Amino acid sequence: PLPFVIASKNFKPKMEGGAMNETKNKRRWVNGARRYGTLSNLAMPLPKKLQRSLWADRISFTSYSGKRILDNVSAFAVPGDILAIMGPSGAGKTTFMDLMAGREMNRFRGFEGSVKVNGRPRTGGFVEISGHTSSSPVFIATLTVRETIQYAASLSIADSILRATRVETVIQELHLERCQDNFIGSSLTKGISDGERKRLAIALQLLRTPSILLLDEPTSGLDTTSSRQVVSILRGLADRGFTVIINIHSPDSRIYSQFDRLLMLVAGRVQYFGKAAYAVESYMRICQTKIGQFQNPAEYLFECSVTGRTIYQELPNLAEIEVRGSRTTSEPIMRNLPAARNRCIECVQSALLCCCCCCCDKSGEPHDGSDRPRPPRCLWQFFVLLRRSFLDNRRNVAKYYIRGAIYFLIGVMIGTAWFDLKTSFTRLHDRQTMLMVIIVFYSFMQVASLPSFLTELKVMNQEVLDGVYPVSAHVVQSLLGGIVPNMFLAFFSSYAIFNLVGIGPEGGGYYLFLINVFLLLYVAESFAEFICTFIQNLLVALCVYAAFFTVSFIAMGLLIPVSHLPEWWKPMHFASFHKYAIEVFMWNAFHGWKVTCDKRPKALCRLYRTGDDILIDRDISTEEEDIYKDLRSLVFLSLFYRCMSWLILTLKVWSNTWSLSPPAYVPLTAARRDVEEAPAVVLASGAARHNTGRGDHDGHRR
């Protein structure tokens with residue numbers, strides 16, 4: 001069978017019999033598949049021009065507290081190999097993995113050394129050719145496995161036929177057929193197993209056909225059968241030309257036999273780096289003990305672990321690291337395509353993904369459409385995110401359904417407790433109390449959106465760091481996606497209150513009341529999302545929201561008039577979104593009606609003859625234009641919190657990838673080639689000095 005999948009059933013190329021025509025028939029299948037855009041790069045060997053090697057050269061890192069986490073660590077991985085990073089807890093495995101993957105780079109501002117791709121420094125286009133999975137991947141719990149893969153493909157692949165083909169391919173490659181219609185689930189709802197979650201995380205990375213896969217603990221928390229299944233899948237990917245790097249704790253003997261190279265870290269230092277098959281022999285020479293007949297090799301290596309001593313360190317072979325046929329190291333391509341390169345640089349600068357006949361990735365490297373799937377435009381990604389968010393809101397019972405029921409019950413209780421309020425002098429305080437209760441409960445109930453926002457931001461962080469879509473697409477989707485749900489919440493609660501209490505049409509009427517309730521809910525939800533952008537802990541986010549809510553409620557001007565507030569409270573009064581909402585509520589409830597005197601003696605009623613007297617007493621304007629300014633202020637605060645969320649998320653993404661920015665393009669002249677080749681000569685001479693007086697071990701320099 002041919003190693004690719006055809007999605008179109010109407011495509012049936014003409015076949016000819018005979019062994020002489022076997023190559024001709026295969027070429028027809030490939031050409032026809034490419035014509036229909038259904039050639040799957042996952043099911044066939046990775047082309048030579050897409051293969052990449054990764055080399056971490058003399059990496060050292062000291063934390064802010066002064067602890068030496070990594071000390072002169074060097075390792076490399078080449079296409080077709082699996083590099084396993086092992087070591088005891090606290091050895092620096094995850095730190096080294098994150099540094100090689102270019103993740104959370106804000107923690108590594110003081111690191112020394114370099115990370116190179118095919119022998120050259122890593123640039124901003126590294127996210128285009130690499131895939132990274134964390135030890136605890138996060139997904140949207142209300143989606144099924146197939147829907148998760150389909151939405152990820154819609155965000156990464158522009159061609160619809162290739163997108164459908166790639167979805168079917170990764171489901172089959174990762175053995176997800178049995179669970180493809182199951183919901184992912186969360187800690188509260190039962191979903192897929194841990195092994196299926198690990199394979200789903202790998203499947204999402206394979207959609208973009210990455211050349212390098214960096215997997216952090218892909219077998220942690222899995223049973224032996226599931227762990228072997230995951231590693232077997234990775235072994236198949238490595239055999240097709242992918243570069244696979246995994247961080248693993250204690251593999252069994254069958255899993256260990258799948259590794260090509262092994263990096264053993266102890267206390268942040270390299271204890272062993274070389275062929276995994278020769279690790280036991282190297283340790284036996286140092287430990288003076290033999291491995292048991294049925295003993296696991298990984299267990300033996302941990303037992304013989306000696307802190308602070310390097311048993312074996314394989315030095316890189318530059319001819320092996322600089323993969324032949326790679327576009328990042330092929331000088332003729334750069335010399336023959338200067339115009340294409342310049343067009344691609346213009347594409348990157350103008351934020352376009354394709355121009356004329358040349359497509360380019362974020363690194364500015366030219367490529368044709370058959371190499372990697374062309375990503376869709378930002379507008380399409382926005383609509384995909386909006387549709388995914390709508391599906392999540394429709395299925396997530398706790399996000400809007402329960403809140404809607406609570407809002408409706410609160411509205412009914414408020415309406416029945418303050419039923420049919422009269423415009424009498426003795427009921428003026430009751431009417432103000434009713435408005436205060438609306439402000440308190442309706443704005444504070446938006447705190448229930450914090451858990452869902454934290455999950456969405458974790459998913460967004462993974463996808464943005466993978467280079468799937470920009471932060472602005474998520475922020476705009478969140479801005480527009482919350483309008484309809486909050487409008488329904490406002491309608492279900494405000495209709496009962498307005499009619500049961502009997503506010504009346506003297507002010508702005510029901511529509512003004514509805515719009516004000518909606519803006520109150522929307523700005524409170526915007527502030528909740530703003531908190532989640534810089535606080536990822538749910539308990540801390542709840543405390544910060546409650547603290548700001550308390551201060552904002554005190555300074556809004558209903559409990560204490562503005563004229564009675566101290567001067568240092570005045571800035572908080574104008575920053576409080578409760579201030580603008582309560583002014584609209586008060587104007588809508590008191591403007592335009594006369595106070596009926598039911599107090600004895602009646603001289604007391606002279607204090608408030610009309611509703612406007614009450615507004616003036618509370619330092620609230622009686623002009624209708626000022627009320628519309630309050631509504632515009634609520635809209636401005638909503639947009640302000642969303643813009644601040646975008647700014648913080650953008651800065652976090654920039655700080656996490658600050659060292660991956662691509663260098664400015666300089667034409668490849670002879671002088672520049674001499675400068676670029678100089679480090680390779682120094683490394684080669686350095687390797688030669690290390691090799692002086694030493695022999696070879698399995699064809700590699702020691």
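In this text the structure is predicted, and so the values were computed from the model without any measurement. Throughout, numbering of the chain's residues begins at 1 and tracks the sequence.
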Colleague: Check Ile140, Leu391, Thr142 against Asn396 for a side chain to side chain contact (heavy atoms under 4.5 Å, CB included) and give me the one that passes.
Modeller: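 Exactly one option meets the side chain to side chain contact (heavy atoms under 4.5 Å, CB included) with Asn396, and it is Thr142.
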Colleague: Kindly compute the distance separating CG (Leu385) from CE (Met460), expressed to the nearest 0.5 Å.
Modeller: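 Taking CG in Leu385 and CE in Met460, the distance rounds to 10.5 Å.
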Colleague: Restricting to side-chain contact (heavy atoms from CB on, under 4.5 Å), what partner residues turn up for Ser220, sequence neighbours left out?
Modeller: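 Lys198, Glu217.
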Colleague: Does the Ser211 side chain pair with the main chain of Leu50, one donor and one acceptor, at a distance under 3.5 Å?
Modeller: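 Yes; judged by distance alone, with no hydrogens or angles, the pair exists.
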Colleague: Listed by chain and number, what are the salt bridge (charged side-chain N to carboxylate O under 4.0 Å, His left out) partners of Arg388, not counting sequence neighbours?
Modeller: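 Once residues adjacent in sequence are excluded, the partners of Arg388 under the salt bridge (charged side-chain N to carboxylate O under 4.0 Å, His left out) criterion are Glu463.
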Colleague: Report yes if some heavy atom in the side chain of Phe139 is under 4.5 Å from a heavy atom in the side chain of Phe183; otherwise report no.
Modeller: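 Heavy-atom side-chain distance check fails, nothing below 4.5 Å.
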Colleague: Looking at Lys93 and Pro88, would you say the former's side chain and the latter's main chain have a donor-acceptor pair under 3.5 Å?
Modeller: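 Yes, Lys93 side chain to Pro88 backbone: donor-acceptor pair under 3.5 Å.
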Colleague: Indicate yes or no: at least one non-hydrogen side-chain atom of Val145 is less than 4.5 angstrom from one of Glu196.
Modeller: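 Val145 does not reach Glu196 side chain to side chain.
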Colleague: For a side-chain contact (heavy atoms from CB on, under 4.5 Å) check, start with the C-alpha distance between Cys532 and Leu450, then their side-chain angles and the critical distance, and finish with the verdict.
Modeller: CA-CA 7 Å; Cys532 294; Leu450 288 175; 3.4 Å; yes
Colleague: Taking only residues two or more places apart in sequence or in another chain, which ones pass side-chain contact (heavy atoms from CB on, under 4.5 Å) with Glu456?
Modeller: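 Glu456 satisfies side-chain contact (heavy atoms from CB on, under 4.5 Å) with Asp392, Lys399, Phe453 only.
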Colleague: What distance do Asn537 atom CG and Leu542 atom CG have between them, rounded to the nearest 0.5 Å?
Modeller: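 Taking CG in Asn537 and CG in Leu542, the distance rounds to 9.0 Å.
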Colleague: Taking the side chain as everything from C-beta on, heavy atoms only, tell me whether Pro470 gets closer than 4.5 Å to Gln381.
Modeller: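 Side-chain contact under 4.5 Å: yes.
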Colleague: Out of curiosity, Met97 CE to Asn247 CG, how far, rounded to the nearest 0.5 Å?
Modeller: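 It is 5.0 Å, given to the nearest 0.5 Å.
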Colleague: For the pair Arg146 and Glu168, find out whether any cationic side-chain nitrogen is under 4.0 Å from an anionic carboxylate oxygen.
Modeller: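 Answer for the salt bridge query: yes.
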Colleague: Can you name the residues that form a ring-ring contact (aromatic ring centres under 6.0 Å, His included) with Phe273, not counting sequence neighbours?
Modeller: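 With sequence neighbours excluded, Phe273 shows a ring-ring contact (aromatic ring centres under 6.0 Å, His included) to Phe76, given in chain and number order.
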Colleague: For Gly195 and Leu222, work out which heavy atoms get closest and say how close.
Modeller: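 So the two residues come closest at N-CD2, 3.1 Å.
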Colleague: Quick one: salt bridge (charged side-chain N to carboxylate O under 4.0 Å, His left out) partners of Asp239, sequence neighbours excluded?
Modeller: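 Scan of Asp239 (salt bridge (charged side-chain N to carboxylate O under 4.0 Å, His left out), adjacent residues dropped) gives Arg235.
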Colleague: Residues two or more places apart in sequence or in another chain: which of them pass side chain to side chain donor-acceptor pair (under 3.5 Å) with His175?
Modeller: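 His175: no side chain to side chain donor-acceptor pair (under 3.5 Å) contacts found.
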Colleague: Start with the C-alpha distance between Leu263 and Leu265, add both sets of side-chain angles, then the distance that settles side-chain contact (heavy atoms from CB on, under 4.5 Å), and finish with yes or no.
Modeller: CA-CA 6 Å; Leu263 172 62; Leu265 292 177; 4.2 Å; yes
Colleague: Going by side-chain contact (heavy atoms from CB on, under 4.5 Å), name the residues that satisfy it together with Ile535, two or more places apart in sequence or in a different chain.
Modeller: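 Partners of Ile535 under the side-chain contact (heavy atoms from CB on, under 4.5 Å) test: Ile531, Val540, Ala541, Val544.
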Colleague: Say you draw a straight line from OG of Ser130 to CZ of Arg122; how long is it, rounded to the nearest 0.5 Å?
Modeller: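 The distance works out to 8.5 Å.
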Colleague: Heavy atoms only: give me the nearest Asp81-Asp260 pair and the separation to one decimal.
Modeller: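 So the two residues come closest at CA-OD2, 3.2 Å.
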Colleague: Partners of Arg228 by salt bridge (charged side-chain N to carboxylate O under 4.0 Å, His left out), sequence neighbours excluded?
Modeller: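 Arg228: salt bridge (charged side-chain N to carboxylate O under 4.0 Å, His left out) contacts with Asp252.
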Colleague: Could you state the interatomic distance from CG (Leu162) to OG (Ser156), rounded to the nearest 0.5 Å?
Modeller: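 Nearest 0.5 Å value for the CG-OG distance: 11.0 Å.
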Colleague: Quick check: closest heavy atoms across Ala279 and Leu262, and the distance to 0.1 Å?
Modeller: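 Shortest heavy-atom contact: CB-CD2, 3.9 Å.
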Colleague: Within the structure provided, determine whether Val115 and Phe126 are in side-chain contact (heavy-atom separation under 4.5 Å).
Modeller: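 They are not in side-chain contact.
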Colleague: Under 3.5 Å, is there a donor-acceptor pair between the side chain of Thr310 and the main chain of Val270?
Modeller: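 Answer holds: yes.
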Colleague: Has Asp216 got a side-chain atom pairing as donor or acceptor with Thr133's backbone, closer than 3.5 angstrom?
Modeller: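 It does not hold such a pair.
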Colleague: For Thr224, which residues count as a side chain to side chain donor-acceptor pair (under 3.5 Å) partner, sequence neighbours excluded?
Modeller: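 By the side chain to side chain donor-acceptor pair (under 3.5 Å) rule, Thr224 matches no residue at all.
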Colleague: Counting only heavy atoms from other residues, nucleotides and ligands, does the tally under 6.0 Å from CZ of Arg254 exceed 12?
Modeller: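 Not buried by this count: 12 neighbours or fewer within 6.0 Å.
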Colleague: Looking at Ile248 and Ala84, what are the two nearest heavy atoms and their distance?
Modeller: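 Between these two residues, the closest heavy atoms are CG2-CB, 4.4 Å.
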Colleague: Step by step, would you call Ile149 with Leu176 a side-chain contact (heavy atoms from CB on, under 4.5 Å)?
Modeller: CA-CA 11 Å; Ile149 298 176; Leu176 297 172; 4.1 Å; yes
Colleague: Look at the side chain of Arg199 and the backbone N and O of Leu174, then say whether any donor-acceptor pair between them is shorter than 3.5 Å.
Modeller: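 Flag set: sc Arg199 to bb Leu174 pair under 3.5 Å.
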Colleague: Run the side chain to side chain donor-acceptor pair (under 3.5 Å) test against Ser74 and tell me which residues pass, sequence neighbours left out.
Modeller: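 None.
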Colleague: Would you compute the distance between atom CD of Gln180 and atom CD1 of Ile192 and round it to the nearest 0.5 angstrom?
Modeller: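 Between Gln180 CD and Ile192 CD1, I get 12.0 Å after rounding to 0.5 Å.
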Colleague: Could you work out, with side-chain contact (heavy atoms from CB on, under 4.5 Å) as the rule, every residue matching Ser186, not counting sequence neighbours?
Modeller: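 Only Ala141, Leu188, Thr189 meet the side-chain contact (heavy atoms from CB on, under 4.5 Å) criterion with Ser186.
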Colleague: For the residue pair Gln271 and Tyr283, confirm or rule out a side-chain donor-acceptor distance under 3.5 Å.
Modeller: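 Yes.
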Colleague: Quick one: are Glu281 and Tyr312 in side-chain contact, heavy atoms under 4.5 Å?
Modeller: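 No, side chains not in contact.
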Colleague: Side chains of Ile184 and Leu200: does their closest heavy-atom pair fall under 4.5 Å?
Modeller: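 Ile184 reaches Leu200 side chain to side chain.
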Colleague: Indicate yes or no for a side-chain donor-acceptor contact from Arg163 to the backbone of Ile157 under 3.5 Å, with no hydrogens or angles considered.
Modeller: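 Yes; judged by distance alone, with no hydrogens or angles, the pair exists.
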Colleague: Below 4.5 Å, heavy atoms only, C-beta onward: do Leu215 and Ile245 meet side chain to side chain?
Modeller: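 No, side chains not in contact.
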Colleague: Side chain to side chain donor-acceptor pair (under 3.5 Å), that's the test. Do Thr209 and Arg166 meet it? Break it down for me.
Modeller: CA-CA 10 Å; Thr209 319; Arg166 193 64 62 85; 2.7 Å; yes
Colleague: Would you name the heavy atoms of Phe259 and Ala276 that are closest together and state the gap between them?
Modeller: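 Heavy-atom minimum between the residues: O-CB, 3.8 Å.
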Colleague: For residues Gln205 and His132, report the shortest heavy-atom separation together with the two atoms involved.
Modeller: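 In terms of heavy atoms, the two residues are closest at NE2-O, 3.2 Å.
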Colleague: Can you sort out the partners of Arg395 under side chain to side chain donor-acceptor pair (under 3.5 Å), two or more places apart, ordered by chain and number?
Modeller: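 By the side chain to side chain donor-acceptor pair (under 3.5 Å) rule, Arg395 matches Glu147.
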Colleague: If you define the side chain from C-beta out and look only at heavy atoms, does anything of Leu54 sit under 4.5 Å from Leu214?
Modeller: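 Yes. Closest side-chain heavy atoms under 4.5 Å.
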Colleague: Run the numbers on Arg208 and Asp466 for side-chain contact (heavy atoms from CB on, under 4.5 Å), then give the verdict.
Modeller: CA-CA 10 Å; Arg208 300 180 294 112; Asp466 288 337; 4.0 Å; yes
